[in-house]
**Student:** 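Could you have a look at this structure, given as structure tokens, before my questions?
All values reported here derive from a predicted model rather than from experimental measurement. In what follows, every heavy atom counts, from backbone to side chain, and hydrogens, waters and symmetry copies are set aside. Within every chain, numbering begins at 1; the chains are lettered A, B, ... in the order of the sequence lines, protein sequences first and strands thereafter.
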Protein chains: 2
Amino acid sequence: MHAQPTDPVDTIVEQWARVRPDLDTRAMEVFGRIFRLSRAMGDRMERAYRPYGISRGEFDVLATLRRSGEPYTLSPRELSATLMLTTGGTTGRLDKLERAGLLRRSPDPHDRRGLKVTLTEEGLRLIDEAVGAGLAEESAALTALDAEQAGQLADLLRKLLATTAE
Amino acid sequence: MHAQPTDPVDTIVEQWARVRPDLDTRAMEVFGRIFRLSRAMGDRMERAYRPYGISRGEFDVLATLRRSGEPYTLSPRELSATLMLTTGGTTGRLDKLERAGLLRRSPDPHDRRGLKVTLTEEGLRLIDEAVGAGLAEESAALTALDAEQAGQLADLLRKLLATTAE
DNA sequence: AATAAGTAGCTTAGCGCTAAGCTACTTACG
DNA sequence: CGTAAGTAGCTTAGCGCTAAGCTACTTATT
């Protein structure tokens, strides 16, 4: 056993142990930390993307289009599904990104109900820079662990996510 | 090496490898999963608290008061700090919980600027049930891992959180 | 060919948060 | 003792999301 540094979740667990010693708080040791890390890193990512004039949500739209490969085109429906967003939320993000000139909407030639959303040259250039900045931020945070620990952590999280997130 | 199940983050990492093989996506294997787990479990917790008529944010208020021990009293300021919330956000949560009869606000006898927020009997009863339901939900999700893995995961997350979340 | 059912994307109302600014009060200082 | 600076909690405007409902169009059924 190594000495562990103390974190805010340890404090909360101790408080519960004092007032409700009957509770089994082991699951909180995992999920309490996941919630806090998600929030803290979310804030850091928001800051990392700010120089590019986009929010984290907008980054996700551009990144999804970029990852899909040439011609960097998806339908709003596909974007809604991938981004786990309602159609209303998707409309809002697309509006903002289209106004900024980072993507454009055009009619789907095969289905007159639908649209195609395509990255512009400027959108492609911007996302290719921003994705590097985002990964740099995440990599910096991960230096808290050595390579083996990071790999272990990724594996444990994969197992948990695969089972949990239906 | 064991065969790993595939999860959505693996798919995203593969997509990036195809279109941008120069990127080092190892940090994404950790944080991408943390973001997704946080969202998925957050939704599950929201559902777990719904039978008690409270949201996750409102649960956090009641739980913070409960953990503080008798007489279950804190100032709005202390709650804002613990919950990482602006005073405006705190005011809103307290309004709703006070209307529901789960806590009450009273003047601070030592500082006429301030208030004391105290759990009512009903609030105490409710949070003592709800905290059990919440932990049950988290424990159920965690059965994806055996006890040793869960402990390992908690330790790795502690180390990451202690360094990352300033 | 007519019609019912399904689907795509947009609009609107409502919710919970933040940022900024307010009043009321307290503390520190000359 | 008087004034400046600080602090507590609330209010308001604005933001991004969801849920629900809309129109336009497509697909399946007869």
**Student:** Could you tell me if the side chain of B:L153 sits less than 4.5 Å from the side chain of A:K159, heavy atoms only?
**Tutor:** no
**Student:** Once you round it to whole Å, what is the distance between C1' of C:dG14 and NZ of B:K96?
**Tutor:** 13 Å
**Student:** Thinking salt bridges, do A:E98 and A:R104 make one under a 4.0 Å N-O criterion?
**Tutor:** no
**Student:** If the threshold is 4.0 Å, N to carboxylate O, is there a salt bridge linking A:D111 and A:R77?
**Tutor:** no
**Student:** Base, sugar-phosphate or nothing for A:S80? Non-hydrogen atoms, less than 4.0 Å.
**Tutor:** nothing
**Student:** Please tell me which of the listed nucleotides, D:dC10, C:dT26, D:dC25, lies nearest to the side chain of B:R112?
**Tutor:** C:dT26
**Student:** To the side chain of A:R105, which of C:dC10, C:dG9, C:dT18 is closest?
**Tutor:** C:dC10
**Student:** Just how far, in rounded Å, is P of D:dA24 from CG of A:L115?
**Tutor:** 15 Å
**Student:** Would you mind telling me which residue lines up with the more 5' stretch of DNA chain C, B:H110 or A:P76, judged by nearest nucleotide?
**Tutor:** A:P76
**Student:** With a cut-off of less than 4.0 Å, is there a side-chain N or O of B:R113 near OP1 or OP2 of D:dG6?
**Tutor:** no
**Student:** Going by an N to O cut-off under 4.0 Å, is there a salt bridge joining B:E29 and A:R158?
**Tutor:** yes
**Student:** Does any nucleotide pair with C:dT3 by Watson-Crick or G-U wobble geometry, both distances under 3.5 Å, and what is it?
**Tutor:** D:dA28
**Student:** Between atom CG in B:L85 and atom P in D:dG9, what is the gap in whole Å?
**Tutor:** 13 Å
**Student:** Could you check how far CG of B:L94 sits from P of D:dG9, rounded to whole Å?
**Tutor:** 9 Å
**Student:** What does B:D111 touch in the nucleic acid at a heavy-atom separation under 4.0 angstrom: a base, only the sugar-phosphate, or nothing?
**Tutor:** sugar-phosphate
**Student:** Could you tell me whether A:E137 and A:R44 make a salt bridge, using a distance below 4.0 angstrom between a side-chain N and a carboxylate O?
**Tutor:** yes
**Student:** Taking atom C1' of D:dG16 as reference, at what distance in whole Å does atom CE of A:M84 sit?
**Tutor:** 16 Å
**Student:** If I take atom CD in residue B:E58 and atom P in nucleotide C:dC17, what distance separates them, rounded to the nearest angstrom?
**Tutor:** 8 Å
**Student:** Please report the distance, rounded to the nearest Å, between CG in B:L97 and C1' in D:dG9.
**Tutor:** 16 Å
**Student:** Does any donor-acceptor pair link the side chain of B:T87 with the base of D:dC10 at a separation under 3.5 Å?
**Tutor:** yes
**Student:** Expressed as a whole number of angstroms, how long is the span from A:R77:CZ to C:dC10:P?
**Tutor:** 10 Å
**Student:** Would you mind classifying the nucleic acid contact of B:G92 as base, sugar-phosphate or nothing, using non-hydrogen atoms under 4.0 angstrom?
**Tutor:** nothing
